[in-house]
Amino acid sequence: IITLSYRSFQSLNPVQIRFTTDAGSSIQVVEAPKQNEYGEQTFRIEKLTGKGKLEFIFLPGSCFDFDWFCFQNDIKGGQ
């Protein structure tokens with residue numbers, strides 16, 4: 001699970017989350033909805049483990065003012 005804090009005036013904002021380790025990489029996309037004020041949205045993503053490089057890629061069509069992010073364990077889903 002990842003929580004993003006942001007604001008955006010676009011209705012949908014595709015954001016690619018890329019996590020790269022020596023073992024390989026994970027590329028996932030979340031669709032962040034419009035928020036006129038800074039606020040939090042939480043998204044379910046595949047489990048990421050280990051030490052690596054994290055990149056956020058704002059895809060064409062995004063208009064995104066990024067504030068912060070936070071990873072959380074998915075206790076309910078067992079991850």
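Numbers here simply count residues along the sequence, with the first being 1.
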Problem set entry | Ile57: hydrophobic cluster co-members (side-chain, 4.5 Å) | Val29, Leu59
Exercise. Does any pair with a residue in residues 49-63 pass side-chain hydrogen bond (donor to acceptor under 3.5 Å, both in side chains), and if so which ones, sequence neighbours excluded?
Worked result: none
For this session: Sorted by first residue and then second, give each ring pair (Phe, Tyr, Trp, His ring centres under 6.0 Å) pair with at least one member in residues 41-66; sequence neighbours left out.
Result: Tyr6-Phe64, Phe56-Phe66, Phe56-Phe69, Phe58-Phe64, Phe58-Phe66, Phe64-Phe66
Exercise. Below 4.5 Å, heavy atoms only, C-beta onward: do Thr21 and Phe19 meet side chain to side chain?
Worked result: yes
Exercise. Does the side chain of Ile45 come within less than 4.5 Å of Val30's, by heavy atoms?
Worked result: yes
For this session: Using the test side chain to side chain contact (heavy atoms under 4.5 Å, CB included), find all partners of Gln10 that sit at least two apart in sequence or belong to another chain.
Result: Ser8, Asn13, Cys63
Exercise. Are Ile2 and Leu54 grouped together when hydrophobic residues (ILVMFWY) are joined by side-chain heavy atoms under 4.5 angstrom apart?
Worked result: yes
For this session: Only pairs at least two apart or in different chains count here, so list each salt bridge (Lys or Arg N to Asp or Glu O under 4.0 Å) that has a residue in residues 10-29.
Result: none
Exercise. Which residue pairs satisfy the salt bridge (Lys or Arg N to Asp or Glu O under 4.0 Å) criterion with at least one member in residues 28-41, sequence neighbours excluded?
Worked result: none
Exercise. According to the salt bridge (Lys or Arg N to Asp or Glu O under 4.0 Å) rule, which pairs have a member within residues 62-72, sequence neighbours left out?
Worked result: Arg7-Asp65
Problem set entry | Nearest non-hydrogen partners of Pro60 and Pro14, listed with the distance | O-CG, 3.9 Å
For this session: Please check if any side-chain donor atom of Gln28 sits under 3.5 Å from a side-chain acceptor atom of Gln16, or the reverse.
Result: no
Problem set entry | All side chain to side chain donor-acceptor pair (under 3.5 Å) counterparts of Thr3, not counting sequence neighbours | Thr42
